[in-house]
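Counting convention: from 1, in listed order, for ligands and their atoms alike.
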Amino acid sequence: MAAGSGRIVRYLLFAIITIAILYFVSTSSIPSYAQPLAEQAAGKFSWDKTSPQANNEKSQAEYDAIADAFSSKPSQAPNNVPSTQPLASLTPNITPLTPSELSPPAPGERVNATFITLARNSDIWEIARSIRQVEDRFNRNYNYDWVFLNDKPFDDTFKKVTTSLVSGKTHYGEIPVEHWSFPSWIDQKKAEAVREDMRRRKIIYGDSISYRHMCRFESGFFFRHPLLQNFEYYWRVEPSVELFCDVHYDPFRYMKDNNKKYSFVLSLYEYVETIPTLWDSAKKFIKAHPEHIAKDNSMPFLSDDGGETYNKCHFWSNFEIGNLDWLRSQAYLDFFETLDKDGGFFYERWGDAPVHSIAAGLLLNRDEIHFFNDIAYYHIPFTHCPTGEDVRLKLRCHCNPNDNFDWKGYSCTSRFFDLNKIAKPEGWMDQV
Ligand SMILES: Nc1nc2c(ncn2[C@@H]2O[C@H](COP(=O)(O)OP(=O)(O)OP(=O)(O)O)[C@@H](O)[C@H]2O)c(=O)[nH]1
Ligand SMILES: *[C@@H]1O[C@H](CO)[C@@H](O)[C@H](O)[C@H]1NC(C)=O
Ligand SMILES: [Mg+2]
């Protein structure tokens, strides 16, 4: 009898602890950084409100309570009660929450903007990883839309999984065949010989047709897709990328309010075998269209001899936040057409990174290009981890500062800072 009531007491105790845990978990999932924009505008971010110390103590206490409850569970579970019962109470029926229940939307007006991903159906799990990080670090509070484009129809798995991960609306589009095929003026025999030669020389993706279509599409067509006509800004996301820090404000809003047209986090030198005559085409464009060249352009970022030769510096375009209306402008369209007619997407292996970068360098004024130090990013094999411990701790970054590529010899970011006379962040010298 006594043993029986003791069992009931223990059972009740366990039930109370379980309820307490569920309460803790449900209340602590509301992020503390979703705060009025007015405070942010005044330079007060969430981390200024509660000291990190206090935060740590609170979550430690919660953590301990959970750990205790779990570790005492086996001894508390009465032998004659099926062990699945207490477990079942810890995993209540899964009813999907709307994003706003999980994470309340950040205040402030949204920009006319979308995420954009080009992908194959087979990229699903790699793009799922990227989306999850973008959502966790930023978009769960902003709920921007996401446009997916593919040269083939997306399958049900791709749509189901991505729809469940994105907090905003998802849109799926097929690429018209004219935007993903050889233009009429390309000599197929010549293009094939190039691929064979590059295969022998082991140039990465040198023998690939689809990679060339991809580069040409990203250079000249993605922004013309009907699904993107409705938007002004885009943020490109590729499969298997990582975001290491919280994004504590709306980068689209930053771009719009500061009249930025193009942005980057990593820059480097292009592999010269893939673009031997790209600069010749760019020079041809400069001659033919002097009216499109910006007065305060970034030629010193692109060339060390006043425009005679290309130094191969480019912004790494697998990450970019940019203005679609700029890409749809006559200036950019004329630039792309000059390049496209010369055939280097097929007779060489021009990448969209140097194409976008040369365009940004020539067509935009310097202050229209932005470097996002606070967006920490990885795409194999390079990392941008913000310089400055203060930033990294405030943004809860999980990148290793030693991996930061910004100030290494093969990066062009130092050049960008020098040319724009921007002071480099404190600590950059230690990372050279
Ligand atoms: N639909 C479609 N998307 C593609 C194709 N090839 C590449 N992509 C996408 O285009 C983007 C760039 O391709 P990647 O293979 O990542 O090229 P990369 O970044 O130069 O090289 P990696 O080091 O392999 O990442 C990614 O978003 C891919 O998912 C293709 O044939 N079809
Ligand atoms: C968003 O931008 C596009 C492209 O500039 C424009 O056509 C569209 O009208 C805009 N939508 C809204 C709601 O402002
Ligand atoms: Mg990639």
Side-chain angles (χ1 to χ4, degrees), residues 109-131 134 144-155 158-159 162 168-169 171-177 179-182 203-242 252-253 255-256 259 261 264-266 268 270-271 273-275 314-320 322-329 332 345 349-357 377-383:
E109 211 187 315
R110 296 299 177 267
V111 175
N112 186 356
T114 183
F115 288 93
I116 163 79
T117 291
L118 171 70
R120 292 154 289 211
N121 287 310
S122 58
D123 291 320
I124 179 59
W125 301 112
E126 286 72 35
I127 195 61
R129 267 158 42 99
S130 301
I131 296 171
V134 170
Y144 278 106
D145 285 10
W146 206 304
V147 172
F148 296 91
L149 298 179
N150 189 352
D151 57 308
K152 305 215 167 57
F154 281 113
D155 62 28
F158 191 99
K159 291 195 238 181
T162 52
K169 277 201 222 92
H171 312 265
Y172 302 89
E174 220 180 308
I175 296 166
V177 65
H179 295 175
W180 195 279
S181 50
F182 292 93
I203 292 170
I204 186 166
Y205 299 118
D207 62 342
S208 170
I209 295 177
S210 67
Y211 193 85
R212 285 183 170 79
H213 289 319
M214 182 276 285
C215 289
R216 179 168 175 264
F217 177 77
E218 293 285 24
S219 297
F221 297 104
F222 81 92
F223 46 84
R224 309 188 214 206
H225 194 280
L227 286 176
L228 289 171
Q229 295 303 319
N230 306 324
F231 297 103
E232 193 183 353
Y233 290 89
Y234 71 102
W235 178 336
R236 174 168 165 183
V237 178
E238 283 205 2
S240 296
V241 301
E242 297 193 50
F252 291 127
R253 167 69 44 205
M255 298 286 290
K256 188 173 174 66
N259 192 34
K261 299 285 163 55
F264 72 102
V265 290
L266 283 159
L268 67 156
E270 181 58 300
Y271 190 18
E273 318 294 336
T274 66
I275 51 155
H314 64 283
F315 308 119
W316 215 26
S317 62
N318 49 65
F319 169 100
E320 50 189 15
N323 183 298
L324 290 161
D325 290 330
W326 168 55
L327 294 173
R328 290 185 287 242
S329 70
Y332 187 88
F345 291 107
R349 207 221 63 193
W350 295 351
D352 53 278
V355 172
H356 286 184
S357 303
Y377 178 81
Y378 170 81
H379 175 298
I380 187 171
F382 299 115
T383 299

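Interface atoms of ligand 1 facing P239, defined by a heavy-atom separation under 4.0 Å, are 26 (C), 27 (O), 29 (O). Listed by number with element, the atoms of ligand 2 under 4.0 Å from a non-hydrogen atom of Q229 are 3 (C), 4 (C), 7 (O). Taking every non-hydrogen atom of H379 and a distance limit under 4.0 Å, the qualifying atoms of ligand 1 come out as 19 (O), 22 (P), 23 (O), 25 (O). Taking every non-hydrogen atom of N150 and a distance limit under 4.0 Å, the qualifying atoms of ligand 1 come out as 1 (N). Remark: ligand 2 atoms within the under-4.0 Å shell around heavy atoms of N230 are 1 (C), 2 (O), 3 (C). For ligand 1, the atoms sitting less than 4.0 Å from at least one non-hydrogen atom of S210 are 31 (O), numbered in the order shown with element in parentheses. Near E232, the atoms of ligand 2 lying under 4.0 angstrom from a non-hydrogen atom of the residue are 2 (O).
For atom 2 (C) of ligand 1, the choice among D151, V237, I175 with the nearest heavy atom turns out to be D151. The option from Y205, W316, F154 that lies nearest to atom 21 (O) of ligand 1, judged by heavy atoms, is Y205. In this comparison of R120, E126, E238, K152, the heavy atom closest to atom 15 (O) of ligand 1 sits on R120. Closest to atom 20 (O) of ligand 1 by heavy atom, among Y211, F222, W180, F217, is Y211.
If you take OG1 on T117 and CG on N150, they are separated by 11.5 Å, rounding to the nearest 0.5 Å. Note that the CG atom of N318 and the CD atom of E238 stand 4.5 Å from one another [nearest 0.5 Å]. With rounding to the nearest 0.5 Å, the separation of CG in L149 from CG in L228 is 6.0 Å.
Neither the backbone nor the side chain of R110 has any atom closer than 4.0 Å to an atom of ligand 2 (non-hydrogen atoms only). With a 4.0 Å heavy-atom cut-off, ligand 1 is reached by no atom of H213. Only side-chain heavy atoms of D325 come within less than 4.0 Å of ligand 2; its backbone N, CA, C and O stay farther off. By the criterion of a heavy-atom distance under 4.0 Å, the side chain of D123, and not its backbone, is placed next to ligand 1.
Residue-to-ligand polar distances keep R236 apart from ligand 1: every N/O pair is separated by 3.5 Å or more. Taking any N or O of R328, backbone or side chain, none lies under 3.5 Å from an N or O belonging to ligand 2.
In terms of protein heavy-atom proximity, atom 13 (O) of ligand 1 is closest to M214 CE, 3.5 Å. The single protein non-hydrogen atom nearest to atom 12 (C) of ligand 2 is N112 ND2, 3.3 Å, given as residue, atom name and distance.
Of the protein's heavy atoms, at least one falls inside 4.0 Å of atom 7 (O) of ligand 2.
Around the Mg ion (ligand 3), the angle linking H379 (NE2) with E238 (OE1) is 100°, rounded to 10 degrees.
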- request: Apply ring-ring contact (aromatic ring centres under 6.0 Å, His included) to the pair H213 and F345, showing each step before the final yes or no.
  value: CA-CA 8 Å; H213 289 319; F345 291 107; over 10 Å; no

For this session: Please lay out, stage by stage, how F264 and W316 fare under the test ring-ring contact (aromatic ring centres under 6.0 Å, His included).
Result: CA-CA 7 Å; F264 72 102; W316 215 26; over 10 Å; no

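Using a 4.0 Å heavy-atom cutoff, L118 is listed among the residues neighbouring ligand 1.
A distance-only check finds a donor-acceptor pair linking the side chain of N121 to the backbone of D155 [under 3.5 Å]. Looking at D151, its side chain never comes within 3.5 Å of a backbone N or O of I175 through a donor-acceptor pair. Looking at R216, its side chain never comes within 3.5 Å of a backbone N or O of F221 through a donor-acceptor pair.
A side chain to side chain contact (heavy atoms under 4.5 Å, CB included) with F223 is found for exactly one of L324, N323, D325, namely L324.
Closest approach of F382 and L266 over heavy atoms only: O-CD1, 3.8 Å. Heavy-atom minimum distance, P239 versus S130: C-OG, 3.4 Å.
Ring-plane geometry between H356 and F222 is classed as tilted, the angle between the planes lying from 30 to 60 degrees on a 0 to 90 degree scale. Classified by interplanar angle (parallel below 30°, tilted 30° to 60°, perpendicular above 60°), the ring pair F158/F148 is perpendicular.
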